[in-house]
> 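Before anything else, here's the structure in question.
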Amino acid sequence: MSNKEWPLWEVFIRSKQGLSHKHAGSLRASDAEMAINNARDVYTRRSEGISIWVIESNKITASDPADADSLFDPSNTKVYRHPTFYDVPDGIEHM
Amino acid sequence: MEKVNNSDLEKHFEDRIAADIRIEPNDWMPEKYRKTLIRQISQHAHSEIVGQLPEANWVTRAPNLRRKAVLLAKIQDEAGHGLYLYSAVETLGADREDTIDDLHSGKAKYSSIFNYPTLTWADIGMVGWLVDGAAIMNQVPLCRTSYGPYARAMVRVCKEESFHQRQGFEIVTTLAQGTPEQKAMAQDAINRWWWPSLMMFGPSDEESKHTEQSMRWKIKRHTNDELRQMFVNATIPQADLIGLTIPDDKLKFNEEKGGYDFGDIDWDEFWQVVHGHGACNKERIEARTKAKEEGQWVREAALAYADKRAKRKQAS
């Protein structure tokens with residue numbers, strides 16, 4: 001008897017038209033088709049979705065939490081990237 | 001050198017816990033935090049899965065089609081809850097099948113409540129109203145637990161679980177308002193389920209060996225006794241409303257603490273059941289082991305089929 005496990009899949013669900021797919025969770029399945037079917041049972045029992053994406057978990061590359069500072073800190077000092085950084089003179093309503 | 005690094009990491013971890021920032025799978029965490037979570041989440045998952053068994057007993061004997069459809073939906077939810085939680089365990093580096101084998105070997109526990117038999121239809125009502133009610137009391141604070149994947153799984157579970165308690169209360173209410181025989185059946189069921197439901201919150205705070213550390217790590221947000229008291233306070237008025245008597249002659253509202261005083265729990269019974277001597281311990285584990293063993297060829301066949309299809313696709 002082989003004890004090989006079914007691969008792990010990550011499940012992404014589009015909750016309604018116009019929204020993007022969002023990570024819902026993970027599950028085990030022998031192939032992509034079964035992953036979709038299982039995702040339907042596990043993650044959309046209450047009309048939570050209209051579209052499902054699945055991808056094998058080991059195909060995902062994630063950023064390393066140890067790199068978080070070097071990756072994300074630089075943008076903290078660039079407040080001028082936000083519209084609220086700028087003063088709009090009184091009298092101008094829409095800009 | 002390594003030691004200095006470790007204490008830096010530990011401090012960073014403690015700071016995040018203190019600031020209520022969730023810990024995520026790839027973040028550094030103390031080994032003991034990881035182990036505690038693997039134990040707690042896998043036992044929680046096992047409880048969801050084993051919890052299907054006492055209910056499955058009544059699927060074919062539900063009194064009408066509506067009750068049957070509801071019960072099936074509830075059992076399917078329990079399976080889903082188990083799966084969310086096994087996925088959360090896997091993010092900690094634990095092997096899903098290993099944790100399941102630990103259940104089958106008796107190394108891992110599950111909620112001892114599921115070792116009590118469901119003898120009548122009223123018991124299915126009690127399982128929803130009291131057992132799921134107690135579970136919700138336990139699970140709502142876990143939506144804020146410090147480990148991200150566990151907290152997110154609990155948010156889903158809690159959303160789904162509230163219908164479970166309501167359908168149970170509906171069953172009990174219907175019986176309590178029915179014929180004298182039906183009312184007696186409901187009373188008999190609460191007599192048997194009340195105390196085991198209180199035991200679901202685990203040993204008293206003085207006896208609980210995991211509580212203190214788990215509170216410090218914000219895995220748990222309330223102690224066992226706090227949760228038990230909240231459950232008693234919430235449930236008594238519900239029983240009063242439908243005219244059932246709680247089997248506890250020491251039950252009395254205490255103005256000073258703004259809650260009910262209640263009688264002593266039979267901890268000998270609790271430990272007996274935890275240690276495998278409840279009415280159904282053996283039956284439950286046998287059912288789970290059989291399911292895994294007899295499903296083995298299906299899992300293998302599915303893999304072989306996936307393999308064959310992948311190869312065929314490659315060749316074309």
Side-chain angles (χ1 to χ4, degrees), chain A residues 1-16 19-49 52-73 76, chain B residues 5 8-9 12-13 16 21-29 72-91 95-98 100-101 148-149 152-153 155-157 159-160 163 292-293 295-310 313:
Chain A
M1 269 203 317
S2 101
N3 277 321
K4 206 176 150 222
E5 284 182 38
W6 288 350
L8 191 66
W9 300 77
E10 298 302 319
V11 178
F12 299 81
I13 309 252
R14 185 202 296 282
S15 57
K16 60 179 191 179
L19 296 183
S20 52
H21 287 72
K22 202 176 153 218
H23 186 237
S26 45
L27 49 77
R28 296 254 169 198
S30 61
D31 62 13
E33 193 188 335
M34 187 194 280
I36 294 269
N37 288 330
N38 288 357
R40 174 223 178 237
D41 285 345
V42 178
Y43 293 107
T44 66
R45 287 193 302 283
R46 288 175 176 76
S47 321
E48 289 96 335
I52 301 171
W53 286 351
V54 293
I55 181 165
E56 254 186 87
S57 309
N58 62 17
K59 302 258 168 66
I60 291 183
T61 308
S63 66
D64 185 342
D67 296 337
D69 289 355
S70 61
L71 284 173
F72 307 117
D73 273 4
N76 289 345
Chain B
N5 273 340
D8 279 356
L9 289 167
H12 183 65
F13 171 85
R16 289 183 60 154
I21 299 172
R22 296 262 185 283
I23 306 301
E24 295 296 340
N26 292 333
D27 293 330
W28 185 90
M29 61 187 84
L72 278 171
K74 179 179 186 308
I75 293 172
Q76 195 186 15
D77 273 353
E78 309 298 1
H81 299 173
L83 292 175
Y84 308 154
L85 289 162
Y86 284 126
S87 296
V89 175
E90 286 193 283
T91 65
D95 183 279
R96 181 184 297 224
E97 293 305 318
D98 285 350
I100 292 171
D101 290 340
R152 291 190 285 276
V155 170
R156 294 187 66 93
V157 169
K159 255 193 222 161
E160 298 177 354
F163 115 71
K292 179 162 180 174
E293 282 170 2
Q296 179 69 21
W297 72 270
V298 179
R299 291 190 297 277
E300 285 173 15
L303 263 188
Y305 176 68
D307 228 32
K308 194 168 104 185
R309 282 217 306 185
K313 212 169 156 188

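Residue numbers start from 1 in every chain, and the chains themselves are labelled A, B, ... in the order their sequence lines are given, proteins ahead of strands.
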> Under 4.5 Å heavy-atom distance to chain A, tell me which part of B:Asp77 shows up: side chain, backbone, both or neither.
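Both parts, backbone and side chain.
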
> Among A:Met34, A:Glu48, A:Arg46, single out the residue with the greatest number of heavy-atom pairs under 4.5 Å to chain B.
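Counting heavy-atom pairs under 4.5 Å, the top option is A:Arg46.
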
> Under 4.5 Å from any heavy atom of chain A, what part of B:Glu24 do you find: side chain, backbone, both or neither?
neither

> If we check side chain to side chain contact (heavy atoms under 4.5 Å, CB included) with A:Leu19, which of these qualifies: A:His21, A:Lys16, A:Lys22?
A:Lys16

> So which of A:Pro7, A:Ala24, A:Pro65 has the largest heavy-atom pair count under 4.5 angstrom toward chain B?
A:Pro65

> Using heavy-atom distances under 4.5 Å, tell me whether B:Arg152 contacts chain A through its side chain, its backbone, both, or neither.
neither

> Return the CD1 to CZ distance between A:Ile55 and A:Phe12, rounded to the nearest 0.5 Å.
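Reported to 0.5 Å precision, the distance equals 7.0 Å.
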
> Distance only, no hydrogens: is a donor on one side chain within 3.5 Å (strictly under) of an acceptor on the other, for B:Ser87 and A:Arg28?
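No, no side-chain donor-acceptor pair sits under 3.5 Å.
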
> Would the distance check show the side chain of A:Tyr43 and the main-chain N or O of A:Ser26 forming a donor-acceptor pair, the cut-off being under 3.5 Å?
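Looks like yes, one N/O pair under 3.5 Å.
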
> B:Trp28 vs B:Phe13 aromatic rings, parallel, tilted or perpendicular, using cut-offs 30° and 60°?
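Perpendicular.
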
